[in-house]
Amino acid sequence: MSHPENATEFLKDQAKAKWHDETLWFVRDKRDRISKTIPEWEQLRDLASQIKDNVLVNLASYLEDFERNALQNGIKIHWAADAEEHNQHVLRILQEKNCKAIVKSKSILTEECHLNPYLEKEGIEVVDTDLGERIVQFLNQPPSHIVLPAIHLKKGEISDLFHEKLQTEKGNDDPYYLTQAARIHLREKFLGAKVAITGVNFGIAETGEFVVCTNEGNADMGVHLADVHIACMGIEKILPRRKDLGVFLRLLARSATGQPITNYNSHFRSPSPGKEIHIVLVDNGRTAQLAREKFKNSLKCIRCGACMNTCPIYRRSGGFSYGSTVPGPIGSILSPGLDMKKHSTLPFASTLCGSCSDVCPVKINIHEQLYEWRQEITKTHGEFGKGLSMKLANGIFKSPLAYKISGNLMRAALRALPDSMIYHPLNTWGKSRNLPETPTETFQQWYQKNRP
Amino acid sequence: MSSREKILAAIRGVSSESKSLPEIPDFRLSGDLEEVFRQSILGNKGEMLSKAEFKKWIPCMNFQKVISLSAHFRTTGNLTLPEDPHELEDLGLAILDGQFGVAENGAIWLEDTNLGLRALPFITEHLVIVLDRSKLVETMHQGYDLVGNAHSGFGLFIAGPSKTADIEQSLVIGAHGAKSLRVVLV
Amino acid sequence: MENFKPNVALFIPCYVDQFYPKVGIATLELLEKLGCKVSFPAGQTCCGQPLANAGYERDTIGTTRHFVAIFKNFDYVVAPSGSCVLHVKEHSPRVPSLEKEQKELHDKVFELTEFITDILKVERLEGRFQHRVGYHASCHGQRGLRLASSSELNQIPFNKARKLLGNLEGLDWVELDRTDECCGFGGTFAVTEEALSIRMGRDRLEDHLQHQVEIITGGDMSCIMHLEGIATREGQKIKFMHIAEILNQAIT
Ligand code: SF4
């Protein structure tokens with residue numbers, strides 16, 4: 001399904017859509033307010049952006065530094081060219097440890113690699129331990145937001161779910177009560193797991209350490225009780241220096257949820273005696289994106305989710321409408337690089353309002369990249385005609401602006417597209433909107449008459 | 001070619017002009033450090049206690065199992081560190097010394113030497129961190145200056161109790177880790 | 001300002017020409033009142049924005065060449081549209097053999113309110129406009145051309161339109177809940193993502209209605225066309241005017 005179709009579906013439940021918009025607006029507003037309490041906020045964004053620019057230029061040598069230092073610290077490093085290899089590495093480690101059940105804290109990368117189904121096929125129980133992730137896992141859904149995985153659900157739905165899965169009281173939808181039920185349920189999993197998987201927020205080249213940030217403490221609960229810690233890390237997560245963390249930790253939580261810092265910020269440098277830490281370094285399309293000059297700086301993303309919270313489209317269409325692991329504005333510039341055909345409607349799911357670029361803590365020019373992806377996608381239009389939904393293709397040429405006015409341009413476009421995409425019986429503009437009344441004369445005519 | 005070589009070669013194959021690494025200015029903070037720190041901890045849903053308040057609070061709680069690694073409260077604990085953190089499953093309270101606190105956000109730095117077992121501040125039901133009030137710094141930049149390149153296998157900033165807002169964005173304290181954080185300034 | 005009589009070319013966006021000639025007229029008269037020598041070069045066409053935003057920038061080279069040829073000899077080019085100005089400056093494709101002219105032209109093209117505040121350096125306008133006015137900041141003007149501070153950034157608040165409207169006697173400037181959220185027009189987005197576009201437009205309208213706004217104004221007729229289209233379909237009494245119309249009417 002294309003983004004417009006999914007969005008239309010989402011908007012059918014008007015009350016819920018409004019709630020979704022307002023809830024995320026509240027998060028955005030919190031972020032706006034806290035960012036204004038830091039006088040050097042814009043300077044921090046500049047610094048973060050410059051540091052990440054430097055990382056992208058020197059990525060190869062930073063990765064080598066990181067690897068060398070981590071090895072010296074007694075950490076084991078595995079490289080994965082793609083999702084498949086990443087999953088194989090993880091599976092192999094689990095098999096070596098004879099491990100049949102693992103706990104996993106939030107990691108968008110493992111979502112991207114579809115690690116859960118891969119391991120489950122091999123008979124391994126995977127338990128996502130972030131509360132929101134556990135909720136969506138129970139529902140067999142992916143997260144709908146990279147920071148707030150269950151933001152699409154109302155507490156009533158979660159109450160019903162927990163009643164079924166955790167035998168909570170029917171109808172009790174008190175968030176505290178439900179959270180305690182999950183706490184008890186997950187405690188048992190934490191205590192039983194021999195291997196724990198986490199994502200990585202930052203990897204530091206000069207020390208070989210990596211940092212994981214959570215509010216729940218679930219990443220730490222998992223890894224410190226387990227014998228083996230596997231950290232899955234995209235190769236772009238590198239920072240050069242330890243002190244760079246000062247900049248990034250000041251930006252991350254404030255941008256993400258409007259709080260000054262996450263409550264737990266763990267720096268892993270070497271394993272506890274008798275335990276093991278493994279890092280899986282994953283490419284999976286990142287080097288390809290790095291090679292795309294116009295899109296490479298999408299790799300600066302620190303996954304704070306602020307662009308989703310601020311996006312007027314995301315707030316009103318929900319994370320699932322994007323059909324990609326990372327939804328929202330940043331997802332719409334990352335996903336076409338992974339599969340342009342499948343994600344061809346995403347760069348069009350935007351008004352190019354630019355709010356995402358202004359909110360982004362690492363100053364990615366998200367909306368400009370959306371514009372650039374449009375230019376790329378239309379080039380392959382013949383090939384991907386189906387991917388770029390009919391509705392979208394039609395719409396582009398049913399706008400009163402493009403259609404009625406730009407005669408010359410229209411002719412150019414007509415040559416570019418097959419007829420079936422241009423002639424469409426619906427006048428989409430007029431479905432819920434009036435057209436302006438047509439005046440008796442145009443400005444040009446008035447001017448010729450009045451200012452001869 | 002191994003994946004490692006393939007990835008590194010692919011990165012090196014991308015030509016780009018060099019971009020220098022910026023120096024990070026020493027951003028500071030205005031205001032009374034201790035007061036800013038206090039507000040930050042409260043904002044993170046932690047609590048601030050004086051030494052006297054702490055001494056009054058402890059007996060009220062009737063903890064069965066307490067571990068104290070704090071130099072300031074050596075005798076408050078009634079349990080020594082086990083070897084296996086799983087044995088801490090029903091630990092009521094852990095008392096730890098923090099190395100320094102960051103005023104702007106309430107983050108307190110602890111390392112392996114302060115933790116005993118890395119699982120300790122997470123698995124305990126309640127957590128108390130004791131902090132020398134002369135060890136407060138303004139922002140994270142000064143925080144990392146203090147951390148420097150000291151080598152600890154594990155270090156972390158703790159800024160509050162375990163919390164979540166994953167159900168309808170309602171804040172709930174006590175997700176998986178400690179249900180409360182109290183900071184005692186000495 | 002006495003000795004400064006710039007030679008200004010009006011750049012009237014195609015949809016303004018077709019649907020809102022009164023906005024073109026107001027822009028022309030306003031600039032004349034402010035001491036400019038204004039002309040409207042014949043043969044203007046659409047600047048190419050709809051096609052470029054739809055992903056066909058490469059097909060707008062001819063249009064852009066035409067644009068450069070028509071406007072290159074003026075001191076300034078002024079348009080009552082932030083969106084079209086942004087397109088010309090940032091998204092019109094480079095025209096081979098006209099690069100120099102094109103670059104110079106980009107520095108001379110202005111949106112109406114920024115032209116008045118930044119080039120004509122008007123500090124305050126004297127006039128009367130006795131209405132409760134809600135301002136719709138078009139995104140391309142606001143975040144694209146930086147005609148106003150953006151709520152996401154930590155910067156000193158400013159708003160060029162407000163600077164001009166704020167002094168008018170009787171004008172009641174309304175503070176909205178969401179000062180700079182997109183209205184959902186977005187060019188072709190209005191049609192390709194119809195459901196979202198309408199939802200966004202309704203939400204913007206509601207913000208104005210809840211604050212008892214009488215007249216919604218803004219610097220981009222395209223956003224206003226969209227909002228007005230929804231409001232009239234739903235029988236709302238709220239009125240719409242381009243900022244040029246208000247200013248021109250107020251300072252008679
Ligand atoms: S693109 Fe920027 S705003 Fe969006 S998630 Fe990444 S870092 Fe955050």
Hey, which residues of residues 85-93 of chain B are touching chain A, say heavy atoms under 4.5 Å apart? B:P85, B:H86, B:E89

Do A:R134 and A:H185 meet the criterion of a side-chain donor-acceptor pair at a distance under 3.5 Å? yes

Can you find a pair of side-chain heavy atoms, one from A:W79 and one from A:L63, that are under 4.5 Å apart? yes

Please determine whether a side-chain nitrogen of the Lys or Arg among B:R28 and B:E138 lies less than 4.0 Å from a carboxylate oxygen of the Asp or Glu. yes

Which one wins on heavy-atom pair count under 4.5 Å against chain B: A:V147, A:T23, A:L245? A:L245

Go through it in stages, so that I can follow the logic: the residues are A:D128 and A:V136, the test is side-chain contact (heavy atoms from CB on, under 4.5 Å), and I'd like the CA-CA distance, side-chain angles, deciding distance and then a yes or no. CA-CA 9 Å; A:D128 283 321; A:V136 294; over 6 Å; no

Could you walk me through whether A:F210 and A:H229 pass the ring-ring contact (aromatic ring centres under 6.0 Å, His included) test, one step at a time? CA-CA 12 Å; A:F210 62 94; A:H229 173 183; 5.5 Å; yes

Sort A:Q50 into side chain, backbone, both or neither according to what part of it lies under 4.5 angstrom from a heavy atom of chain B. both

From the list B:K179, B:H151, B:Q169, the residue making the most non-hydrogen contacts under 4.5 Å with chain A is B:H151

A:A80, part contacting chain B, at a heavy-atom distance under 4.5 Å: backbone

Max heavy-atom pairs within cutoff under 4.5 Å with chain A, candidates B:H141, B:E111, B:Q142, goes to B:H141

Rounded to the nearest 0.5 Å, how far does CD1 of A:I204 lie from CG of A:L239? 4.5 Å

So does A:Q259 get a backbone contact from the side chain of A:K30, meaning a donor-acceptor N/O pair under 3.5 Å? no

Chain B contact via A:I158 - side chain, backbone, both or neither, heavy atoms under 4.5 Å: side chain

Answer yes or no: is there a donor N or O on one side and an acceptor on the other, between the side chain of B:T124 and the main chain of B:L120, under 3.5 Å? no

State whether the side chain of A:N263 and the backbone N or O of B:S162 hold a donor-acceptor pair below 3.5 Å, judged by distance alone. no

Taking A:K243 first and then B:D145, would you say they form a salt bridge - that is, a charged N and a carboxylate O separated by under 4.0 Å? no

Can you say whether B:S152 sits under 4.5 Å from chain A via the side chain, the backbone, both, or neither, judging by heavy atoms? backbone

Non-hydrogen atoms of chain B under 4.5 Å away: do they reach the side chain of A:V212, the backbone, both or neither? neither

I'd like to verify something: which residue of A:T129, A:T257, A:D46, A:I38 has the highest number of heavy-atom pairs under 4.5 Å with chain B? A:T129

Would you confirm whether A:R183, through its side chain, and B:G177, through its main-chain N or O, come within 3.5 Å as a donor-acceptor pair? yes

Heavy-atom distances under 4.5 Å only: say whether A:T37 touches chain B with side chain, backbone, both or neither. neither

Would the distance check show the side chain of A:K300 and the main-chain N or O of A:I51 forming a donor-acceptor pair, the cut-off being under 3.5 Å? no

If one checks every heavy atom of A:N73 against chain B at 4.5 Å, the contacting part turns out to be side chain

Would you find a donor on one side and an acceptor on the other, under 3.5 Å apart, between the side chain of A:T262 and the backbone of A:N265? no

Residue B:K135 excluded, over 12 heavy atoms near NZ under 6.0 Å: no

When you measure from the side chain of A:E67 to the backbone of A:I77, do you find a donor-acceptor pair of N or O atoms at a distance under 3.5 Å? no

Side-chain donor/acceptor of B:H72 to backbone N/O of B:V130, under 3.5 Å: no

Between A:H152 and A:S144, the two heavy atoms sitting closest are ND1-OG, 2.8 Å

Test log, rule salt bridge (charged side-chain N to carboxylate O under 4.0 Å, His left out), inputs B:R118 and A:D220: CA-CA 8 Å; B:R118 294 179 186 178; A:D220 290 273; over 6 Å; no

CD on A:E206 to CD1 on A:I238, rounded to 0.5 Å: 11.5 Å

Heavy-atom pairs under 4.5 Å with chain A: which of B:K6, B:K163, B:M140 has the most? B:K163

Take a 6.0 Å sphere around CD of B:E83 and say whether it holds more than 12 heavy atoms from other residues, nucleotides or ligands. no

Where does A:I184 contact chain B at under 4.5 Å (heavy atoms): side chain, backbone, both or neither? neither

Among B:A107, B:G174, B:A178, B:G143, which residue forms the greatest number of heavy-atom pairs with chain A at distances under 4.5 Å? B:G174

Tell me, for B:Y144 versus chain A, whether the close heavy atoms (under 4.5 Å) come from the side chain, the backbone, both or neither. side chain

What part of A:E157 gets closer than 4.5 Å to chain B, counting heavy atoms only: side chain, backbone, both or neither? neither

Taking the side chain as everything from C-beta on, heavy atoms only, tell me whether B:I158 gets closer than 4.5 Å to B:P121. yes

Chain B contact via A:T214 - side chain, backbone, both or neither, heavy atoms under 4.5 Å: neither

Please look at B:I173 and chain A and tell me whether the side chain, the backbone, both or neither of the residue comes under 4.5 angstrom of a heavy atom of that chain. backbone

Does any heavy atom of chain B fall under 4.5 Å from the side chain of A:D244, the backbone, both, or neither of them? both

Under 4.5 Å from a heavy atom of chain B, the part of A:P240 involved: side chain

Between A:L249 and chain B, with a heavy-atom cut-off of 4.5 Å, which part of the residue counts as in contact: side chain, backbone, both or neither? side chain

Under 4.5 Å to a heavy atom of chain B? For A:R187 that would be side chain

When only pairs under 4.5 Å are counted, which of A:Q180, A:E85, A:R241 shares the most heavy-atom pairs with chain B? A:R241

Spacing of CH2 belonging to A:W41 relative to CG belonging to A:L251, to within rounding of 0.5 Å: 4.5 Å

Please output the residues of residues 94-106 of chain B in contact with chain A, using a heavy-atom cutoff of under 4.5 Å, in numerical order. B:E104, B:N105

Side chain / backbone / both / neither for A:L47 at chain B, heavy atoms under 4.5 Å: both

Is the ring pair A:H78/A:H89 parallel, tilted or perpendicular, if the boundaries are 30 and 60 degrees? tilted

Would you mind reporting whether A:D283 and A:R286 have side-chain heavy atoms less than 4.5 Å apart? yes

Can you tell me which portion of B:E168 sits under 4.5 Å from chain A's heavy atoms? Options are side chain, backbone, both or neither. both

So if I take each residue of residues 16-27 of chain B and look for any heavy atom under 4.5 Å from a heavy atom in chain A, which residues do I end up with? B:S16, B:E17, B:S18, B:K19, B:S20, B:L21, B:P22, B:E23, B:I24, B:P25, B:F27

Ring-plane angle category for B:F154 and A:H224, please: parallel below 30°, perpendicular beyond 60°, tilted otherwise. perpendicular

Pairs of heavy atoms under 4.5 Å with chain A: top-ranked of B:T139, B:V172, B:L117: B:V172

Looking at every heavy atom in both B:L33 and B:L136, which two are closest together, and how far apart are they? CD2-O, 3.4 Å

Part of B:D84 lying under 4.5 Å from any heavy atom of chain A: neither

Between atom CG of B:L131 and atom CD1 of B:I41, what is the distance when rounded to the nearest 0.5 Å? 8.5 Å

Of all the residues in residues 44-71 of chain B, which have a heavy atom that comes within less than 4.5 Å of a heavy atom in chain A? B:N44

